[in-house]
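Note that the numbering runs from 1 along the sequence shown for the chain.
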Amino acid sequence: MLATLVIGLREGLEAALIVGIIAAFLRKNGKSLVAVWIGVGLAVALSIAVGVALDLVEQSLPQARQEGMEAAIGSLAVVFVTGMILWMNQHAAGMKRSLEHDAAQALHQGSAYALAGMAFLAVLREGFETSVFLLATFSAAQSATLAATGAVVGLLLAVAIGWGIYAGGIRINLGRFFRVTGLFLILVAAGLVITSLRAAHEAGWLNAGQQPTIDLSWLVAPGTVQSALITGVLGIPADPRRIEVIGWLAYLIPVTLSVLRPATPLTIARRRLTAAVALAIAALGLATLYPSPQLRFPPQVPLVGGTAELSTSPAALTVSLDGRPQETLPLPEKAGQTADYNGVDALLWRFSHEATPSDAPATLTLDQVQTLNGGRLPIGFNPARNPGPFTATWSVTQSTQVWTANGLLLDAATNSTALVTLSGGGLQTPRTLTIENPSVIPAQVWHVLPAYRDKAVAALNTLAAARTERQFWAAQLPVVLLISAILLAALGGRTLILRRRDAKAPVLSGATHAPR
């Protein structure tokens, strides 16, 4: 409530002052105020319509897009309030004189309708900024009702103070008022930076910098006064993350210093150039010095009864089993299929071959047949009529699957499926059984140990997170910093060029009129 009250009071008073100065000027010159009040009413109605429309659009969106819109509105609100704070900090003291000068020119060149247009645009600008800022603050507020109440009270106070100034009964130091409220709104806007960054993460736009920093749950327990002030008003959550802390400090420190240390346009230009150089250096440092994530894993992978090793040139998997010769499985990239392996994007190869094992038993007893069939007699077998032994003819299909990702072996396993055709032993006709991984055949069956699989998946997830972090800190953020540096350098350079041009103008004029 306190944050929205100050927002409503400050923004409303700024609009009320502009309207009041224009109205007083018109009254002093004997002009009607009807057009001014019509313009003010239209601007207020449009501002309310903008706020309601934005809220309705946001509510109609899916959850992820709602979070994205909250992030966008919060960022826009931070830009608006920062510009308003810095502008009023420099121009509050001379606002009345400047407005009266502009009003006199408008009245001289046109009519009272031009001044009504000035009032309309002034209130519309402040109203639009207020709508966006309040909407962003409502999204972060613990109670929308209290937030709305604070905004209404602030606007009513602003109207009352503005009327008092217009009527001549109230005198306040505008420069001090706007500086004090500006410092408070800087804290609120810094909290909106945190809220916007969190909303951007929940929308899926920002996944870097989400590491926890400090646990403030002991300080901002729900329902306490501290929670209402720190979280509700200042927007600081109980679990600020790294990117949120950096964003909070990066906004709070320079904007606060700008308000506390007002300067001349020349000094501001020099500060901008200095900040541009600092941002450019920071961008270059992040882009060149941020470490590249590396995946370090032992080359040999433990298997049940042996080891496996993945090579890259050419891509192949070499399997070494105890007591058996090495087997090499080529892994050409074109033959691999994209597949999901426990949330990891992987490549999958499948191998299959059939063989007739030379060391498979040629005869099977009824007990062996029952064991091969999972402990149950096959359908149609009767111990009295089919006592065995049976003649066995074998055909074995061995299937192997290999999963890799980022040059790392994720998993590999092979299994055997045997078809055994039984005849004799009381059977009238041959019977064929399908047997998975038959123990009576010493086939080359192996798989990667489960502990290794879990470790490999965890390592790849860590690598993906590290690459996301590097993409943000070493690529995206430096681009933002460089763009900001260019803008600051352009603004600062433009001011310096204009100052030098103004300084040279009298000299050139005097030289033109000097006697020969």
Legend entry - Contacts of type salt bridge (charged side-chain N to carboxylate O under 4.0 Å, His left out), residue R470, not counting sequence neighbours: none

Legend entry - Donor-acceptor under 3.5 Å (W403 side chain, W349 main chain): no

Inset, instruction - Given side chain to side chain contact (heavy atoms under 4.5 Å, CB included), test L216 with I236 step by step and report yes or no. - result: CA-CA 9 Å; L216 297 178; I236 300 175; 4.0 Å; yes

Legend entry - Minimal non-hydrogen separation, P240 against V245, with atom names: CB-CG2, 3.9 Å

Inset, instruction - Identify the two heavy atoms, one from A485 and one from A280, that lie closest to each other, and give their separation to 0.1 Å. - result: CB-N, 4.1 Å

Legend entry - Distance-minimising heavy-atom pair for A71 and A200: CB-N, 3.7 Å

Legend entry - Spatial distance of atom CG (L482) from atom CG (L286) [nearest 0.5 Å]: 10.0 Å

Inset, instruction - Would you check if E67 and R198 make a side-chain contact, meaning some heavy-atom pair closer than 4.5 Å? - result: no

Inset, instruction - Evaluate the side chain to side chain contact (heavy atoms under 4.5 Å, CB included) criterion for residues W248 and V193: first the C-alpha distance (whole Å), next the side-chain angles of each, then the deciding distance (0.1 Å), finally the verdict. - result: CA-CA 6 Å; W248 188 78; V193 171; 5.6 Å; no

Legend entry - Inter-residue atom distance R500.CZ - L266.CG, 0.5 Å rounding: 9.5 Å

Legend entry - R241 side, atom CZ; L206 side, atom CG - distance, nearest 0.5 Å: 10.0 Å

Legend entry - E244-Q210 side chain donor-acceptor pair, cut-off 3.5 Å: no

Inset, instruction - Working to the nearest 0.5 Å, report the span between CG of L260 and CD1 of I186. - result: 7.0 Å

Inset, instruction - Could you pull out the closest heavy-atom pair between L460 and A405, with the gap in Å? - result: CD1-CB, 3.7 Å

Inset, instruction - Supply the atom-to-atom distance L477 CG to I243 CD1, rounded to the nearest 0.5 angstrom. - result: 7.0 Å

Inset, instruction - Flag the pair I194 / P237 as yes when at least one side-chain heavy-atom distance between them is below 4.5 Å, and no otherwise. - result: yes

Legend entry - For the student: nearest non-hydrogen atoms of V78 and A189, plus distance: CG2-O, 3.7 Å

Inset, instruction - Using the six-membered ring wherever Trp is involved, compare the ring planes of Y290 and W473 and label them parallel, tilted or perpendicular (cut-offs 30° and 60°). - result: parallel

Inset, instruction - Please name the pair of heavy atoms, one in L192 and one in A77, separated by the smallest distance, quoted to 0.1 Å. - result: CD1-CB, 4.2 Å

Legend entry - Min side-chain heavy-atom separation L410-T404 under 4.5 Å: no

Legend entry - Heavy-atom check, side chain of Y341 versus side chain of L348, under 4.5 Å: no

Inset, instruction - Verify, without hydrogens or angle tests, whether N406 (side chain) and L408 (backbone) share a donor-acceptor contact under 3.5 angstrom. - result: no

Legend entry - Rounded distance [0.5 Å steps], CG in N207 versus NE2 in H201: 6.0 Å

Legend entry - Under 3.5 Å donor-acceptor, E469 side chain and G209 backbone: yes

Legend entry - Side chain proximity check, L347 to T338, heavy atoms < 4.5 angstrom: yes

Inset, instruction - Show the numbers, then the answer: is there a side chain to side chain contact (heavy atoms under 4.5 Å, CB included) between S258 and L86? - result: CA-CA 7 Å; S258 298; L86 296 178; 3.8 Å; yes

Legend entry - Pairs satisfying side chain to side chain donor-acceptor pair (under 3.5 Å), at least one member in residues 454-464, at least two apart: none

Inset, instruction - Would you check if the side chain of T495 reaches a backbone N or O of A269 as a donor-acceptor pair within less than 3.5 Å? - result: no

Legend entry - Donor-acceptor under 3.5 Å (S311 side chain, A316 main chain): yes

Legend entry - ring-ring contact (aromatic ring centres under 6.0 Å, His included) partners of Y251, counting only residues at least two apart: none

